[in-house]
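Side chains are part of it too, since the values below use all heavy atoms of this structure and drop only hydrogens, waters and symmetry mates. A, B, ... follow the sequence lines: proteins, then strands. Residue 1 opens every chain.
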Amino acid sequence: MSYVDAIHDKSAERIHVVERSPAGERIFKEYPTNYVMYYEDSKGKHRSLYGTPVKKFSSRKQAEWEKEKRIHGKKRLFEADIPIVFRCLSENYLKVDAPKLHTCFFDIEVDFDPSRGFSPPSDPFNPVTAVSLYLDWLDQLVCLAVPPKHMTYETAQEAIAEFPDTMLFRTEKELFDAFFSLIEDADVLSGWNSEGYDIPYMVNRVTRVMSKDDTRRFCLLGQYPKKRKYERFGKEEETFDLVGRIHLDYLQLYKKYNYESRHSYKLDAIGEMEVGEKKTEYEGSLDQLYNKDFKKFIEYNRQDTLLLKKLDNKLQFLELANQLAHENTVLLPTVMGSVAMIEMAVMNEAHERGVVVPNKIRSNLNTVSEGQAAGAYVMNPKKGLHEWIGSIDINSLYPSTIRALNMAPETIVGQVRQTLTNKYMEERGLELAKKKPRYKEGDAPVEGPVLWEGLFSSLEYTAIQNQERGTMLTIDYEDGREEEMSAAQAWKMIYDSNNPYILSANGTIFRSDQEGVIPGLLSKWYSDRKVMQKKLRESTTKTDIDYWDKRQLVRKILLNSAYGALLNEHCRFYDKRIGQSTTLTGRSITKHMSAFTNEIMTGVYDHTGDSMIYGDTDSCYFSAWPMLKDDLPADMSLEDKKQTFIDLYESMSDQCNVSFPGFMEKAFHCPRDKGLIIKGGREVCGDRGLFITKKRYAINIYDAENKRTDTNGAMKVKAMGLDLKRADTPAYVQDFLMEVLEMTLSGKQRDEIIEKIKEFKIILGKQDSWTKGSPKGVNKLTSYTMLEKNSKTGRANMPGHVRAAMNWNTLKRVHGDNYSMEIMDGFKVVVCKLKSNAMGYTSIAYPTDQLRLPEWFRDLPFDDNLMESTLVDEKISNLLGVLKWDLRANTDTNSTFDELFSFG
DNA sequence: CAGGGCTGCTTACCT
DNA sequence: ACAGGTAAGCAGCCCTGA
């Protein structure tokens with residue numbers, strides 16, 4: 001059986017663990033605290049990650065342990081900073097299956113005060129009117145409500161008669177009592193935005209109408225919910241953590257595992273998008289519903305909770321979090337971040353190998369952080385339309401690179417001091433600064449990714465590769481020695497002296513004769529995932545499919561998050577040398593892939609050669625069409641053409657894979673078996689593609705990873721980064737842009753597209769002004785509002801969309817409008833531009849989720865022309881500008897007849 | 001004093 | 001306490017030329 005939650009009782013020095021048994025029972029376990037540390041000692045019986053002997057000290061008493069820690073304060077310490085609860089879980093629950101959790105989804109409704117408006121969770125002056133809960137272990141939806149004051153209890157009963165398990169209460173206190181009874185057997189509470197709203201509201205409201213003592217009923221073990229401050233969207237907020245049972249905010253889980261942003265994060269909107277469930281529709285505001293149509297109000301409240309359950313049925317993020325947590329012996333809320341989880345994964349793996357991990361190096365405030373590591377290479381695309389495109393990408397580039405070069409803190413032999421590289425960066429930074437039009441003597445040098453432009457490795461690495469005799473280098477060894485030698489000698493030492501050395505593109509030397517813990521762990525996750533995917537393919541029942549799919553997904557998430565966590569400077573295993581070794585070696589590998597691929601097509605080993613169109617991080621896009629078009633039979637059928645390019649690109653990808661071990665050996669002195677880790681795959685084939693800028697392109701694909709996508713005759717467009725993919729473009733404009741794109745990619749000519757745009761402009765012209773605004777997220781609204789309030793001039797500088805949001809809030813107040821939503825930090829809004837007006841506003845925003853726009857808003861002097869232009873002209877120019885079709889002047893529906901037909 | 005262009009900030013994206 | 005690289009839009013500022 002396994003844990004649900006655990007706490008450290010400091011005064012009694014016990015760890016309390018709440019478990020859920022396979023039979024479904026809650027069990028309370030207790031462990032004595034175990035304070036552990038290891039310190040360097042030549043007589044120690046334990047081994048550190050670095051293979052050095054260490055001595056263990058452990059105690060049940062914190063004071064004793066602290067004292068011992070001070071005694072060894074000068075030595076390097078190991079595992080003295082592992083949270084004691086995590087150590088307890090690691091010691092007692094490693095490799096124990098995750099429990100079947102009792103989950104309760106819930107949603108609360110809160111009354112509205114016509115004079116004071118809505119109440120914030122920090123000051124919950126409005127009563128809770130309804131709570132609905134779905135208890136998954138009973139498969140039961142329960143709704144608790146207090147009817148409106150004007151309604152008799154009996155009338156209310158009649159109104160809700162048709163809803164099962166719906167209970168009415170005369171007072172809020174009775175409602176809370178029932179709520180606490182219902183959650184008694186729950187392990188997990190989850191709501192939508194519940195961290196920011198439902199949980200703090202309920203805790204503070206229970207304190208107000210009952211007592212602080214009663215809030216303990218949210219928790220187990222007689223504990224109070226623990227107040228926690230956190231920052232969100234640039235504003236400090238307060239919430240509570242539960243004890244003994246867990247609270248997870250489903251909105252946050254959703255955002256964590258869905259990277260694209262949405263137009264709206266309202267549960268209704270996400271529910272509709274994910275499970276196609278329409279929200280319960282109603283007229284007016286929710287408090288009007290409560291007072292005028294109590295039945296529908298209850299239906300609405302029940303529906304929200306039911307929607308959460310349906311969402312989780314599909315997405316299963318709670319079970320994912322459950323498995324991730326238990327796999328790595330951390331608590332469930334820990335998986336919301338990656339660093340602590342990955343650290344524990346590595347520590348557990350280290351223990352498996354009989355070694356202990358070092359303490360985190362405390363960055364004290366005086367040490368300056370090292371500056372950003374160089375990242376990925378992005379090729380400047382050859383802009384415009386291309387035909388018969390193919391792409392190859394490297395499988396899990398960064399994890400594979402870490403494995404191939406055996407990169408780990410304990411396998412570092414040394415570092416080629418980056419004297420040349422640092423000097424180059426300094427000079428280049430200065431040079432670029434001087435090129436700036438407003439450069440003044442003494443201005444700061446330019447920093448950032450531009451400095452690495454055109455580079456795929458450190459200059460010292462290049463010198464070693466070239467075996468330069470005249471270039472002197474210094475090698476800093478991990479044991480403290482330093483050695484000077486020429487680049488040619490360094491090459492000999494690493495590549496040709498029977499040393500088990502690997503050289504990364506960052507000039508970091510790793511040893512290849514003993515596998516590092518992190519590369520080993522990544523390999524294990526990788527191969528475990530392959531096995532699980534095989535089991536998944538062999539599965540026939542839904543239970544089996546779900547089981548293996550979730551298990552392989554856990555591996556995938558761990559593999560993907562490892563790189564980011566390890567590269568975070570607060571991670572225990574962070575080392576900039578490893579980080580930059582990963583990215584620069586990745587650059588070199590991708591460069592080789594592109595150059596080699598180009599060589600097959602053109603005969604020239606050049607990563608930007610004539611066949612290459614674009615590449616980003618681990619991929620390359622290319623076309624053999626320019627080289628082949630004159631050689632293909634003129635009467636070749638379309639299908640034959642498609643197949644020809646599939647076959648060609650497939651074989652190129654295979655040849656590329658064959659080339660990797662040799663390349664890895666020559667470039668980094670990777671042993672052959674490690675070089676085999678780097679593998680690529682042919683990704684897409686497309687008949688036409690439009691490349692606009694870095695990170696913005698579209699391809700009409702007919703094959704993706706060896707699956708034809710054109711079988712039903714429909715187009716499948718892979719569109720990346722374009723406005724039509726961005727949540728700050730209105731949905732209907734996204735659709736329009738997609739149509740224009742499809743026309744272009746299917747070979748339609750300029751005239752037809754001009755007609756299409758004109759048509760859209762005419763439709764757009766008839767729409768309500770406020771539908772033509774631009775969606776946007778607003779952060780730091782509170783802090784900018786305060787900044788303006790506190791400024792002497794009464795005006796502060798701020799981004800336009802923040803000013804627009806502030807304008808809404810101001811006008812809302814001026815008009816005494818309590819019913820409309822106040823825009824708060826993190827809200828999604830629509831920004832509308834205004835014509836010049838008495839208030840001096842240039843724009844105003846409204847909340848995306850505002851169901852009805854108030855009269856005062858509708859009457860504002862919107863600048864339709866300006867908005868239409870940013871929605872159509874600018875976006876069309878972003879999309880088709882590279883074709884130089886001059887679409888703007890030719891689609892201007894506002895032009896007079898004269899303008900259209902005037903010449904010169 | 002209008003307008004062009006640069007800087008810095010912000011959002012949302014790609015891998 | 002996941003990373004770095006990038007485009008685009010906007011406000012505010014400086015500079016230039018009228």
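Nucleic acid contact class of A:Tyr697 (heavy atoms, under 4.0 Å, all strands): sugar-phosphate only. A:Gly564 comes within 4.0 angstrom of a nucleotide base, judged by non-hydrogen atoms across all strands. A:Lys576 comes within 4.0 angstrom of no nucleic acid atom, judged by non-hydrogen atoms across all strands. Using a 4.0 Å heavy-atom distance criterion, A:Ala373 is classed as a sugar-phosphate-only contact. Among the heavy atoms of the strands lying under 4.0 Å from A:Tyr784 are primed sugar atoms or P, OP1, OP2 only; no base atom is included. At the heavy-atom level, A:Asn779 lies under 4.0 Å from the strands shown only through sugar-phosphate atoms. A:Ala374 comes within contact range of the sugar-phosphate backbone alone, with a heavy-atom separation under 4.0 Å but no base atom that close. Within the nucleic acid shown, A:Asp393 has no heavy atom closer than 4.0 Å to any nucleic acid atom. As judged by a 4.0 angstrom heavy-atom cut-off over every strand, A:Arg726 is placed among the base-contacting residues.
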Side-chain atoms of residues 793-801 of chain A: list all donor-acceptor pairs with protein atoms under 3.5 Å, sequence neighbours left out, distances to 0.1 Å.
{"residue": "A:Thr793", "atom": "OG1", "partner": "A:Arg795", "partner atom": "N", "Å": "3.4"}
{"residue": "A:Thr793", "atom": "OG1", "partner": "A:Arg795", "partner atom": "O", "Å": "3.0"}

Next item on the list: Before giving the answer on salt bridge (Lys or Arg N to Asp or Glu O under 4.0 Å), spell out for A:Asp723 and A:Arg696 the whole-Å C-alpha distance, their side-chain angles and the decisive distance to 0.1 Å.
Entry: CA-CA 9 Å; A:Asp723 291 329; A:Arg696 290 186 159 230; 3.3 Å; yes
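Remark: DNA chain C takes part in the stems B:1-15 with C:3-17, each of 3 or more antiparallel Watson-Crick or G-U pairs, criterion distances under 3.5 Å.
Considering only side-chain atoms of A:Val339, the nucleotide from C:dT6, C:dG9, C:dC2 that sits closest is C:dC2. Nearest to the side chain of A:Lys833, among C:dC2, C:dA11, C:dC10, sits C:dC10. When distances run from any side-chain atom of A:Thr693 to the nucleotides C:dA11, C:dA7, C:dG4, the shortest one goes to C:dA7.
Salt bridge status for A:Glu237 with A:Arg228: absent, with no side-chain N to carboxylate O gap under 4.0 Å.
Put simply, A:Lys694 has a side-chain N or O that comes within less than 4.0 Å of OP1 or OP2 on C:dT6. Applying the 4.0 Å criterion to OP1 and OP2 of C:dG5, one finds that A:Gln372 has a side-chain N or O inside that range. Between A:Lys360 and C:dA1 there is no side-chain N or O to OP1 or OP2 distance below 4.0 Å. The side chain of A:Asn380 contributes no N or O atom lying less than 4.0 Å from OP1 or OP2 of C:dT6.
If A:Glu453 and A:Asn568 are placed on DNA chain C by their nearest nucleotide, the residue sitting closer to the 5' end is A:Asn568. Mapping A:Ala719 and A:Lys436 onto DNA chain B by nearest heavy atom places A:Lys436 at the nucleotide closer to the 5' end.
Against DNA chain C, the stretch residues 796-805 of chain A makes heavy-atom approaches under 4.0 Å through A:Asn797, A:Met798, A:Gly800.
In this pair, A:Tyr377 and A:His607 present their aromatic rings perpendicular. The plane angle is above 60°, beyond the 30 to 60° band. Relative orientation of the A:Tyr649 and A:Phe622 rings is perpendicular, given thresholds of 30° and 60° on the angle between their planes.
The closest donor-acceptor contact from the side chain of A:Asp825 to the backbone of A:Thr782 lies under 3.5 Å. No side-chain donor-acceptor contact under 3.5 Å links A:Asn328 to the backbone of A:Val330. The backbone N or O of A:Leu455 lies less than 3.5 Å from a partner atom in the side chain of A:Arg587, making a donor-acceptor pair.
For the pairing with A:Asp864, the salt bridge (charged side-chain N to carboxylate O under 4.0 Å, His left out) check across A:Lys835, A:Lys833, A:Lys772 returns one residue only, A:Lys772.
Between the side chains of A:Ser523 and A:Arg403, at least one donor-acceptor pair of N or O atoms lies under 3.5 Å. Using a 3.5 Å distance cut-off with no hydrogens or angles, the side chains of A:Tyr254 and A:Tyr265 do not pair a donor with an acceptor.
Residues that satisfy the ring-ring contact (aromatic ring centres under 6.0 Å, His included) test with A:Tyr574, not counting sequence neighbours, are absent from this structure.
Residue pairs meeting the salt bridge (charged side-chain N to carboxylate O under 4.0 Å, His left out) criterion with at least one member in residues 376-386 of chain A: none, sequence neighbours excluded.
Along DNA chain B, the stretch of nucleotides lying under 4.0 Å from any heavy atom of chain A spans, 5' to 3', B:dG5 to B:dT15.
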